[in-house]
2 protein chains.
Amino acid sequence: MTTRERPRAPLSKERVLAAAVALADAGGVEALSMRKIAHELGVVPMALYKHVQNKDELLDGMVDAVVGEIDPPGGGTDWKAIVRGRVLSARRVLLRHPWASRVIEERTRARPDPTPAVMTYMDSMIGVFRAGGFSIDLTHHAMHVMGSRLLGFSQELFEDSGPADAPPPPPELAERFPHIAELVMGISHDHGSVVGPGCDDQVEFEFALDLVLDGLDRLRDQAGRVASSSSSRT
Amino acid sequence: MTTRERPRAPLSKERVLAAAVALADAGGVEALSMRKIAHELGVVPMALYKHVQNKDELLDGMVDAVVGEIDPPGGGTDWKAIVRGRVLSARRVLLRHPWASRVIEERTRARPDPTPAVMTYMDSMIGVFRAGGFSIDLTHHAMHVMGSRLLGFSQELFEDSGPADAPPPPPELAERFPHIAELVMGISHDHGSVVGPGCDDQVEFEFALDLVLDGLDRLRDQAGRVASSSSSRT
DNA sequence: GGACAACGGTGTACGCCGTACACCTGTCAG
DNA sequence: CTGACAGGTGTACGGCGTACACCGTTGTCC
């Protein structure tokens, strides 16, 4: 109804990308088709190709838009707090666009060079590590670790647990997989007193994140101690 | 030429899966189609549907086959060594079938319960942690961490680095992304004396893996110390 | 031996997909 | 007025997953 007497708002790459992102948010990326985007915009499919080379470039544009939503690094001197905040911001964005992490990973794996927003993201993240006293090599490692943490968080392995929807856990399964059964039964008696969903993904994410951050911190201290105990300080 | 006078080897779910895995290994999962599998088997596409419900079930079967290739946990008492060996075995398998990690992740994210081989894999992994003295909750966390590490390793972010194929790094890029530039120039002057590919993915993987394992070990010790310093020992 | 069902492979057809290509139309520069 | 050009259209092609009706072979039971 929005496009009634007006002939139509003029298409543009931005409008195409926005429609594509909205559609992917709503129905998943596999339900995304040029035809549906076009329909959503009240236009014939081929019209999109005046603004986007092909579906691949469209996906790149969508990734760029999403990555651009991640907050820039906050100020301060504590590298760990900055990285933590940034990664959590990235996570919030990726939860808003659940299709994005898979698409980012696919494209990162196969593309000659990452999309500009990804480059910007990486550059500023590297800057935070360097400013935090990390050597180049350690920064390099850290980026790899953070990258896999940022992108590939595989939640929902145990979604069927929790007291609400679990039927009496079928006993022959418990027999075949005793360790899984024990774990499902015994989770989270202490660490939050929330009896709720049995497996808080946010808690898991932050647990893993802190694990990594603490490990990196220890390595950085260690490297610093070795360097200052040998010869110079640079 | 193999199927000459013989009418044809009789199809079976195993043969279908094997053909599908081979095809995916060769051309990537996006080049995999029921029609191509059928052609490969010298059969009409619809014939496959006598052995597989649909493409989704076929992908599940492929995942199961691949996960089944992962070595069972080795013996010994050092949980860290066992986990390390197992994860590296998983990694070898996933490198053999580069399409697999993505497919596993997609399906793990959306499926009611994981495929049987994945269940078996998880169960024995949980067993290793439990035998290694991990509490149930800590095992739970550890599984999440291992899961994301096993599946989502995002290699190749810097594939264009390395002295071999890098043209003179375009200077206006270095200006826009100074940190990236510094990192690309400065990587790996020490940690292997290999001047080679500039970014050894295996090294990165093991670095992250050990980071996580060390962190988990520290947490386990810590939990044990707290428990024995409070009341009982169970 | 003959009826019959089940199994496994076939052929045709439908609706979806991405997109090449030729076409039209409105706008604006010269 | 003319012509170029940007942006939207229509048609068409090849590929996809798979529903559905079909058929030959094979084994079972009377």
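Proteins get letters first, then strands, A, B, ... in listed order; numbering begins at 1 in each.
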query = C/dA20 C1' sits how many Å from A/Gln53 CD, rounded?
reply = 13 Å
ask   = How far does CD1 of A/Ile136 sit from CZ of A/Phe129, to the nearest 0.5 angstrom?
value = 14.0 Å
ask   = If you round to the nearest 0.5 Å, how far is CG of A/Leu59 from CD1 of A/Ile104?
value = 11.5 Å
ask   = How about A/Val128 and A/Phe134: do any of their side-chain heavy atoms sit closer than 4.5 Å?
value = no
key: Gap between atom CG of B/Leu17 and atom CZ of B/Arg15 - 0.5 Å precision   = 11.5 Å
request  = Nearest whole angstrom, please: distance from the P of D/dG7 to the CZ of A/Arg15.
outcome  = 13 Å
ask   = Do the side chains of B/Leu88 and B/Arg84 get nearer than 4.5 Å, heavy atoms only?
value = yes
End-to-end axis angle, where each axis spans five pairs of the helix from C/dG1-D/dC30 to C/dG30-D/dC1, to 10° = 10°
key: Given DNA chain C, 5'-ward residue of the pair B/Leu48 and A/Asp56, judged by closest heavy atom   = B/Leu48
query = Any side-chain heavy atom of B/Leu95 within less than 4.5 Å of one from B/Arg92?
reply = no
inquiry  = With a 4.0 Å cutoff (strictly under), does any side-chain N or O of B/His51 reach OP1 or OP2 of C/dG9?
reply    = yes
task = Could you check which residues of residues 16-26 of chain B get a heavy atom under 4.0 Å from DNA chain D? Sort them by number, please.
result = none
message = Do B/Leu48 and B/Leu58 make a side-chain contact, defined as non-hydrogen atoms from C-beta onward lying under 4.5 Å apart?
response = no
query = Tell me the salt bridge (Lys or Arg N to Asp or Glu O under 4.0 Å) pairs involving residues 24-53 of chain A, sequence neighbours left out?
reply = A/Glu30-A/Arg102
query = C/dT10 P sits how many Å from B/Lys50 NZ, rounded?
reply = 11 Å
Anything under 3.5 Å between a donor and an acceptor, one on a side chain of residues 66-74 of chain A, the other on a protein residue two or more places apart or in another chain? List them.
{"from": "A/Glu69", "atom 1": "OE1", "to": "A/Arg96", "atom 2": "NE", "distance (Å)": "3.4"}
{"from": "A/Glu69", "atom 1": "OE1", "to": "A/Arg96", "atom 2": "NH2", "distance (Å)": "2.9"}
{"from": "A/Glu69", "atom 1": "OE1", "to": "A/His97", "atom 2": "NE2", "distance (Å)": "3.1"}
{"from": "A/Glu69", "atom 1": "OE2", "to": "A/His97", "atom 2": "NE2", "distance (Å)": "2.9"}
{"from": "A/Asp71", "atom 1": "OD2", "to": "A/Ser89", "atom 2": "OG", "distance (Å)": "3.3"}

remark   = When rounded to whole Å, the CG to P distance for the pair B/Leu41 and C/dG9 reads 10 Å
key: Separation between OH of A/Tyr49 and CE of A/Met34, rounded to the nearest 0.5 Å   = 3.5 Å
Name the pairs: protein N/O against N/O of nucleotides 12-17 of chain C, kept only if under 3.5 Å.
{"from": "C/dC17", "atom 1": "OP1", "to": "A/Ser33", "atom 2": "OG", "distance (Å)": "2.9"}

request  = Please list, chain by chain and in numerical order, all residues satisfying side-chain hydrogen bond (donor to acceptor under 3.5 Å, both in side chains) with A/Asp64, sequence neighbours excluded.
outcome  = A/Thr115
